[in-house]
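Structure first, commentary second.
Labels below follow one simple rule: chain letters A, B, ... track the order of the sequence lines, proteins then strands, and each chain is numbered from 1.
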Protein chains: 2
Amino acid sequence: MGQQSGVAKASDEGTETTGQAAGPLYLQVARTLRDEIVNGIYPIGTQLPTEEELRARFSVSRFTVREALRRLREDGLVASRQGAGTVVVPGPSETEVFHATSINDLLAWANDTRFEIESIKMIPVDNKLAARIGIPAGEEWLMVRGMRLRDDNDVPMCWIEYYINRNFASVGRLLPRNKGPIFPLIEDLFGVTISEVEHVVSATLVSPALAAKLDVEKKSAALEILRSYRMTDGGIAQVTLNIHPASRYKHSMTMRRVKA
Amino acid sequence: MGQQSGVAKASDEGTETTGQAAGPLYLQVARTLRDEIVNGIYPIGTQLPTEEELRARFSVSRFTVREALRRLREDGLVASRQGAGTVVVPGPSETEVFHATSINDLLAWANDTRFEIESIKMIPVDNKLAARIGIPAGEEWLMVRGMRLRDDNDVPMCWIEYYINRNFASVGRLLPRNKGPIFPLIEDLFGVTISEVEHVVSATLVSPALAAKLDVEKKSAALEILRSYRMTDGGIAQVTLNIHPASRYKHSMTMRRVKA
DNA sequence: GTTCATTTGTACGTATGTATA
DNA sequence: GTATACATACGTACAAATGAA
């Protein structure tokens with residue numbers, strides 16, 4: 001990696017990163033800092049150590065520190081100001097937990113629904129899928145597709161595609177008996193923590209095939225929700241794609257302003 | 001700027017950048033390349049010169065070239081692949097992604113746009129409207145309707161309907177000269193604070209009338225976003241209804257879990 | 001209000017790793 | 001396998017903004 005002291009650095013990182021997987025040095029540094037921010041070592045609003053201090057701590061160059069900080073900035077975890085330093089910025093809301101109150105999936109995880117699996121298999125991620133759901137091409141992921149239905153009547157509520165990182169693919173066997181979201185299963189089984197979920201919401205027209213399955217008119221509008229479940233190390237554990245007929249779903253969320 | 005040959009570089013850039021304003025060197029380089037890309041000097045799909053070639057052409061360091069290219073990548077103009085080079089990619093994808101991690105981000109998204117008012121008047125809220133946007137029937141609210149357009153080109157981005165509580169209706173006179181969101185105006189003028197914003201997102205088909213205005217196909221999909229701006233006292237100051245063509249907009253947000 | 005140390009931003013040079021063609 | 005081109009990483013220096021003395 002580096003030019004003269006790569007080995008020393010690698011071993012330093014081995015301890016510093018609490019056993020994180022390897023990769024570019026700057027990502028190892030970023031992961032370490034990310035963990036520490038998420039775990040409250042650097043609480044929101046506090047100053048991160050200066051670049052010089054981080055450089056000394058990790059025994060890397062300032063270039064590496066800056067690349068790591070750039071990553072954290074892109075992720076919205078910190079903000080840097082010339083002359084002032086780098087501070088940990090408040091997340092989306094300090095008061096709410098993402099799956100409980102801040103997002104109201106009206107109907108989505110209602111208790112009286114069931115998930116009917118249509119197919120479940122490992123697939124290679126090609127470039128097209130990678131672009132569509134934002135995971136690296138070339139890897140193998142577990143794809144689970146199916147329909148969520150109301151328990152009482154058999155009205156289909158939405159089409160769902162789960163993509164699960166192969167490291168956690170063994171949750172697949174639990175799915176037939178599982179009713180709620182999948183990510184708590186992954187957390188329990190593998191001891192990882194989902195630290196953030198990105199939602200991308202867009203409108204689309206339902207494809208003819210899907211229209212039949214969902215029992216809606218052809219070319220009707222639907223809401224497409226892509227959720228990426230990110231772990232504390234920044235890796236993506238799971239991606240979920242939901243397609244909701246417009247007539248049966250609205251997505252509601254509340255953002256609360258954080259005190260400046 | 002640089003360390004030993006800053007002046008020479010600045011003058012080089014003076015000619016190279018076809019008279020662009022100054023600023024950091026890497027931005028000057030980025031601007032120049034950006035101009036050349038949009039003007040077809042480097043058509044879509046073609047290779048950009050290598051970093052070494054750009055370094056030589058602009059007489060800057062590879063660091064500067066890479067910072068410039070990074071900027072172009074962030075803008076979605078080019079894509080770089082190790083070993084392969086940097087290619088011009090098909091346009092900054094037409095669909096804008098709105099990425100909000102907090103209410104404060106609502107301030108930023110409308111910066112490069114302008115709002116073209118089509119109508120502005122006080123209306124009584126009937127039952128139908130009350131149900132649609134969630135405000136009490138019977139009251140009088142200020143309704144402002146119009147289109148939001150990109151500053152640079154005249155592509156309509158979305159159709160907007162503002163409904164403003166009559167207590168704050170006098171902001172109406174400021175709207176023609178206002179560029180960004182309205183709620184900061186209300187906060188400034190009346191000394192109230194918007195403490196939370198509820199979003200309700202749903203899919204819809206654009207009406208024929210709207211399709212023409214937005215310059216999209218009839219019966220195409222659109223994202224409807226209803227925002228209610230709630231004050232600290234719980235009252236609703238403003239409701240905004242946006243209709244975004246599906247092809248031009250995605251709504252993204254990240255929920256970060258807070259440590260329990 | 002000015003000076004001054006601190007801290008990030010910009011910019012240079014160089015070397016090596018690694019994916020691509 | 002080899003050459004190419006971007007990715008990563010080191011070192012250094014100065015600029016510019018910040019905040020405190």
Side-chain angles (χ1 to χ4, degrees), chain A residues 1-13 22-31 33 46-74 78-89 127 130 136-139, chain B residues 1-13 16 21-31 33 42 46-74 77-89:
Chain A
M1 327 187 141
Q3 136 178 321
Q4 63 259 56
S5 46
V7 179
K9 262 156 238 149
S11 63
D12 285 358
E13 277 316 301
L25 247 187
Y26 73 91
L27 283 184
Q28 297 176 35
V29 173
R31 269 198 294 268
L33 293 175
T46 60
Q47 294 274 144
L48 225 53
T50 67
E51 294 178 355
E52 166 56 25
E53 287 164 346
L54 292 173
R55 190 203 58 69
R57 168 181 166 194
F58 290 104
S59 305
V60 297
S61 70
R62 193 172 159 220
F63 169 86
T64 302
V65 169
R66 283 184 62 76
E67 286 297 309
L69 290 179
R70 188 198 297 269
R71 170 59 70 101
L72 297 181
R73 276 193 298 272
E74 285 170 356
V78 304
S80 304
R81 263 169 61 241
Q82 188 173 166
T86 300
V87 297
V88 181
V89 299
N127 288 328
E139 298 184 1
Chain B
M1 315 189 151
Q3 122 184 332
Q4 63 258 58
S5 45
V7 180
K9 262 157 240 150
S11 63
D12 285 357
E13 276 318 298
E16 280 288 8
L25 246 186
Y26 73 92
L27 283 184
Q28 297 176 33
V29 173
R31 269 196 296 266
L33 293 175
Y42 300 116
T46 60
Q47 294 274 143
L48 225 54
T50 67
E51 295 179 353
E52 166 56 25
E53 287 165 347
L54 292 173
R55 189 203 60 68
R57 168 181 166 194
F58 291 104
S59 304
V60 297
S61 71
R62 189 161 164 234
F63 169 87
T64 303
V65 169
R66 283 185 62 75
E67 286 297 309
L69 290 180
R70 189 198 297 270
R71 171 58 70 103
L72 297 181
R73 277 194 297 271
E74 285 169 357
L77 285 165
V78 304
S80 304
R81 264 168 60 242
Q82 187 174 165
T86 300
V87 297
V88 181
V89 299

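At whole-Å resolution of the value, CZ in B:R71 and C1' in C:dT10 are 13 Å apart. Counting to the nearest Å, the C1' atom of D:dT8 and the CZ atom of A:R70 are 13 Å from each other. D:dG11 atom P lies 12 Å from atom CZ of A:F63, rounded to whole Å. In this structure, the CZ atom of A:R62 is 11 Å from the C1' atom of D:dA13, given to the nearest Å. Computed from coordinates, the A:L25 CG to D:dG11 P distance equals 11 Å when rounded to whole Å. In this structure, the CD atom of A:E67 is 11 Å from the P atom of D:dC10, given to the nearest Å. Between the CZ atom of B:R66 and the C1' atom of C:dG13 there is a distance of 15 Å, given to the nearest Å. Atom-to-atom, CG of A:L69 to C1' of C:dT8 comes out at 10 Å; the value is rounded to the nearest Å.
In this model, no donor atom of one side chain and acceptor atom of the other lie less than 3.5 Å apart for B:R55 and B:S61.
We find that B:E51 and B:R66 are joined by a salt bridge, their nearest charged nitrogen and carboxylate oxygen being less than 4.0 Å apart.
Checking C:dA11, C:dG9, D:dA9 against the side-chain heavy atoms of A:P24 singles out D:dA9 as nearest.
Counting heavy atoms from C-beta on, the side chains of B:L69 and B:L48 come closer than 4.5 Å.
Contacts between residues 47-56 of chain B and DNA chain D, defined by a heavy-atom separation under 4.0 Å, are made by B:T50, B:E51. The stretch residues 78-85 of chain A touches DNA chain D through A:R81, A:Q82, A:G83, A:A84, each having a heavy atom within less than 4.0 Å of the strand.
We find the CD-CG distance between A:Q28 and A:L33 to be 12.0 Å, quoted to the nearest 0.5 Å.
Applying the side-chain hydrogen bond (donor to acceptor under 3.5 Å, both in side chains) criterion to A:E67, with sequence neighbours excluded, gives B:R70.
Across A:Q47 and A:G85, no two heavy atoms sit closer than the pair NE2-CA, 3.9 Å. The shortest non-hydrogen separation linking B:P49 to B:Y42 is CG-OH, 3.5 Å. Residue B:R71 comes nearest to B:A30 through the heavy atom pair CG-CB, 4.2 Å, listed as atom of the first residue, atom of the second, then distance. For the residue pair B:S80 and B:T86, the shortest heavy atom distance occurs at OG-OG1, 2.9 Å.
Proximity of B:T86 to the phosphate of D:dC6: a side-chain N or O atom is located under 4.0 Å from OP1 or OP2.
Across the strands present, D:dG1 finds no partner; the criterion is a Watson-Crick or G-U wobble pair with both atom distances under 3.5 angstrom.
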